[in-house]
Number of protein chains: 4
Amino acid sequence: MILLDLNAGDERPIYEQIADRVKFAVAGGALRPGDLVPPVRDLAKQLVVNPNTVARAYRNLQGEGLLEPVRGIGLEVAEGAVERCRSARGEMVRRWLRRGVEEARQSKMDPAEVEAIFREEMARPVTEGNGEVRRG
Amino acid sequence: MILLDLNAGDERPIYEQIADRVKFAVAGGALRPGDLVPPVRDLAKQLVVNPNTVARAYRNLQGEGLLEPVRGIGLEVAEGAVERCRSARGEMVRRWLRRGVEEARQSKMDPAEVEAIFREEMARPVTEGNGEVRRG
Amino acid sequence: MILLDLNAGDERPIYEQIADRVKFAVAGGALRPGDLVPPVRDLAKQLVVNPNTVARAYRNLQGEGLLEPVRGIGLEVAEGAVERCRSARGEMVRRWLRRGVEEARQSKMDPAEVEAIFREEMARPVTEGNGEVRRG
Amino acid sequence: MILLDLNAGDERPIYEQIADRVKFAVAGGALRPGDLVPPVRDLAKQLVVNPNTVARAYRNLQGEGLLEPVRGIGLEVAEGAVERCRSARGEMVRRWLRRGVEEARQSKMDPAEVEAIFREEMARPVTEGNGEVRRG
DNA sequence: GTGGTCTAGACCACG
DNA sequence: GTGGTCTAGACCACC
């Protein structure tokens, strides 16, 4: 099983996507406090991405206090990371939904129609592999 | 009343925001087929934005067939624009909602929680003036 | 006059030194809120450093809310930056002094001796060009 | 009483911190010429650190002539070590203070303010156990 | 013109 | 082995 993969259809910077994957992994329990995240070089190879890009993602996560360096060993998930990742996840989801709702509202779309779209999406079957081919 | 204004907190390209405003205005009925959109310079001044940026937005809208030039007069909203804008709007809303739902699903968030967030956002009061003072 | 220069004798990462110089420039009034910092490429050339390194410094400063992007124009010093840079400066000075005092205390050095050293350093004449040759 | 302990908040290399502790112990009289320093393994265990790291610290201290090997016995504090440690200590303290003073000067900080900070730090109560629980 | 992203690869310090 | 820094240079989007 692959811990981290990228959404090919995501136009956001790669380093940001990687950071989000880590947050999600922590929020979902796949990574627990004290666990070491994959080494920069390994993850870079796995994602077919430059090590610098992974390093940047990890650096940002350190800046948010979600990862902590263990000198000479690697980076481990910080103590209080789970709660913060959970709330970060919630915020992220809220951000997307809010944007959709806002767009609809501003263009005076019928709320019932928005609701319908939401239901459809919630009921949509899981997209295998995120519905897109891996980059490599 | 102000036809077009910009969301200050929006990190998307300005020209794209402008184009969306126009689409929304058409979808919502504020602009009807045959109406002239504001002159580039006027709108640029109103939004405190580089005229090139407005021009680019209009150019893209022409490329989508939503605006049509009237020689010596300006740009008018095209005939079939309303339907196309409505569907474009729907697609846009769906795209945002889908992304939120997807993120939640991938990180194993409880669907009930997603639902709750959606409800909150739907019930959220309209942001007055987009929550920020005009730039000018 | 040169706005920013580097201490050659500083073993800290270059990007951090650059960020500190900017903070100092703001704290000292050389840069004021609303001013644009030098373009990445220009400053990189001036300091004989890779543009990425300058960019990283600027990026961190943005993260601290001290710089704000003006799209297509550059980076400007943020509104409340002066106070925060002043306090950042104070913290930095305190950090160095504390370390010296701590070292002395832990090794049971006579406080009078520490005091004497401090006086000498305070009275030391200004080192021209930071006492070191420019890197280039 | 514990001869050597590490400051948890110190970002300097551990081997350097260890070497400094030894120097301080010598400068302060806790270790006298002819005394044996703790065996590498013991100290490593005590500090919860890789033995290589302690070995490196000792190696550097040997290189500086502050420790001398006694075949089959261990490492002892060298003859002239006290004076050298004292002066090393002084240099170190001066270096930190100078840096603080320099930073302040370069950013045009009011000397009185620098003085005040120095006083505060001199008056600061001793940090018990270095302000952090032992790692082990 | 501006900043931002990404790649490629080298080098270093630490354990 | 680990992460961190830095360089060099390409490419992009935006204004």
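Chain naming here is simple, since letters A, B, ... match the order of the sequence lines and numbering starts at 1 in each.
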Value in whole Å for how far the [atom2] atom of [N] lies from [atom1] of [X]:
| X | N | atom1 | atom2 | answer |
| --- | --- | --- | --- | --- |
| Ile14(A) | dA8(E) | CD1 | C1' | 14 Å |
| Asn60(D) | dA13(E) | CG | P | 12 Å |
| Glu68(A) | dG3(F) | CD | P | 15 Å |
| Leu75(C) | dC15(F) | CG | C1' | 14 Å |
| Glu16(C) | dG4(F) | CD | C1' | 12 Å |
| Leu43(C) | dG1(E) | CG | P | 17 Å |
| Ile18(A) | dT5(E) | CD1 | P | 13 Å |
| Glu11(A) | dG4(E) | CD | P | 18 Å |

Original post:
Mind checking what makes salt bridge (Lys or Arg N to Asp or Glu O under 4.0 Å) contact with Arg98(A), not counting sequence neighbours?
Top reply: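 Counting only residues at least two positions away or on another chain, Arg98(A) forms a salt bridge (Lys or Arg N to Asp or Glu O under 4.0 Å) with Glu121(B).
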Subject >> Residues in salt bridge (Lys or Arg N to Asp or Glu O under 4.0 Å) contact with Glu83(A), at least two apart in sequence or another chain >> reply: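 Checked Glu83(A) against salt bridge (Lys or Arg N to Asp or Glu O under 4.0 Å); zero matches.
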Subject >> Minimum heavy-atom distance Gly100(A)-Leu97(B), with the two atoms named >> reply: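 Scanning both residues, the minimum pair turns out to be CA-CD2, 4.3 Å.
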Checking contacts here: which listed nucleotide ([options]) is nearest the side-chain heavy atoms of [X]?
| X | options | result |
| --- | --- | --- |
| Val49(A) | dT7(F), dT7(E), dT5(F) | dT7(E) |
| Gln62(C) | dT2(F), dC14(F), dG4(E) | dG4(E) |
| Tyr15(B) | dG3(E), dC15(F), dT5(F) | dC15(F) |

Original post:
At under 4.0 Å between heavy atoms, what does Pro39(A) touch on the DNA or RNA strands: base, sugar-phosphate, or nothing?
Top reply: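 Sugar-phosphate only.
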**OP:** Classify the nucleic acid contact of Pro13(C) as base, sugar-phosphate or nothing, counting any heavy atom under 4.0 Å across all strands shown.
**Re:**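 Sugar-phosphate only.
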Approximate separation, where rounding is to 0.5 Å, of [X] [atom1] and [Y] [atom2]:
| X | Y | atom1 | atom2 | answer |
| --- | --- | --- | --- | --- |
| Leu67(D) | Lys23(D) | CG | NZ | 10.5 Å |
| Arg84(C) | Glu79(C) | CZ | CD | 11.0 Å |
| Met92(C) | Arg99(D) | CE | CZ | 10.5 Å |
| Glu91(B) | Glu103(A) | CD | CD | 13.0 Å |

**OP:** Kindly state which residues belonging to residues 50-57 of chain D come within less than 4.0 angstrom of DNA chain E, counting heavy atoms of the residue only, listed by number.
**Re:** Asn50(D), Thr53(D), Arg56(D)
Original post:
If we only count heavy atoms from C-beta on, is the Val26(A) to Leu66(A) side-chain gap below 4.5 Å?
Top reply: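 When only atoms from C-beta onward are counted, Leu66(A) and Val26(A) do not touch, as no gap falls below 4.5 Å.
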Please list every donor-acceptor pair under 3.5 Å in which a side-chain atom of residues 38-45 of chain C meets a protein atom from a residue at least two apart or in another chain.
none

Subject >> Partner set under side-chain hydrogen bond (donor to acceptor under 3.5 Å, both in side chains) for Glu76(A), not counting sequence neighbours >> reply: none
Subject >> 5' precedence on DNA chain F between Ile73(A) and Arg59(A) (nearest-nucleotide basis) >> reply: Ile73(A)
Original post:
Taking for each residue the nucleotide of DNA chain F with the nearest heavy atom, is it Arg71(C) or Arg41(C) whose nucleotide lies nearer the 5' end?
Top reply: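 The answer here is Arg41(C).
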Subject >> Strand DNA chain F in bracket notation, Watson-Crick/G-U under 3.5 Å with | for pairs to another chain >> reply: ||||||||||||||.
